[in-house]
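See below for the structure under consideration.
Values in this document were obtained by computation on a predicted structure and should not be read as measured data.
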Amino acid sequence: MHCHSCGTMYSTDRYVENHLYCTCGGFIRPSVVLFGESLDPHMLAAAEKETKQSDLFIVLGSSLVVSPANSFPMIAKEHGARVVIINHDPTPLDSIADAVINNRNIGEVLRLITEELSLN
């Protein structure tokens, strides 16, 4: 959570307890991009740079139909990364993925991976 006016960060407890305004008077909102909002161009450029440098690109719980986020798996693939898509339903980019996991709870999949890695 953060203040829309001054940027002060808050825990979600403040929001849950219905304290919706910052000490500066600004509205406290979730620190996510909501539908219809623009992405920060600097953050988008940073994400693209990291994507191009990745060895493994994991998509968690995305339909991959909203732009520009749906372009990142392809960018990663074009720059040599392996792509893994974990989503309840199939996505339009499943065909470019090195591995696809559908119909599984993301938390369960990540827990299994963590357990497997800790055994090796």
Nearest heavy atoms of His88 and Asn102, plus distance in Å: O-CB, 3.6 Å
Validation row: Asp13, Tyr15 side chains within 4.5 angstrom (heavy atoms): no
Cluster overlap Ile106 with Leu117, hydrophobic side-chain contacts below 4.5 Å: yes
Other residues, nucleotides, ligands: >12 heavy atoms within 6.0 Å of Asp55 CG: no
Verify same cluster id: Leu56, Leu110 (apolar side-chain graph, 4.5 Å): yes
Distance in Å, Thr91 OG1 paired with Leu64 CG, rounded so as to fall on 0.5 Å steps: 4.5 Å
Inter-residue atom distance Leu20.CG - Tyr10.OH, 0.5 Å rounding: 11.5 Å
Carboxylate-amine/guanidinium proximity below 4.0 Å for Glu116 and Arg111: no
Cluster overlap Ile86 with Leu112, hydrophobic side-chain contacts below 4.5 Å: no
Residue Arg29 excluded, over 12 heavy atoms near CZ under 6.0 Å: yes
Interatomic distance, Ile58 atom CD1 to Asp98 atom CG [nearest 0.5 angstrom]: 11.5 Å
Point-to-point distance, once rounded to the nearest 0.5 Å, from CZ of Arg104 to CG of Asn87: 14.0 Å
Heavy-atom pair of closest approach, residues Ser63 and Pro92: O-CD, 3.3 Å
Connected via hydrophobic side-chain network under 4.5 Å: Val65 and Val100: no
Val32-Met9 co-clustered via ILVMFWY side chain contacts under 4.5 Å: no
Proximity of Tyr21 and Phe27 rings by center, below 6.0 Å: yes
Side-chain donor or acceptor of Ser62 paired with backbone N/O of Val59 under 3.5 Å: no
4.5 Å side-chain heavy-atom contact, Phe72 and Glu48: yes
Side chains of Cys24 and Cys3 in contact at under 4.5 Å (non-hydrogen atoms): yes
Side chain to side chain, Ile75 and Lys52, heavy atoms closer than 4.5 Å: yes
Any His2 side-chain heavy atom under 4.5 Å of Pro30 side chain: no
Leu39 vs Met43 side-chain heavy atoms within contact, under 4.5 Å: no
Point-to-point distance, once rounded to the nearest 0.5 Å, from NE2 of His19 to OG of Ser11: 10.0 Å
Over all atoms of both residues, closest heavy-atom pair of Leu93 and Asn70: CD1-O, 3.2 Å
Any side-chain heavy-atom pair of Ile28 and His4 under 4.5 Å: no
Close side-chain approach of Pro73 to Ile85, heavy-atom, < 4.5 Å: no
Rounded distance [0.5 Å steps], OG1 in Thr51 versus NZ in Lys77: 14.5 Å
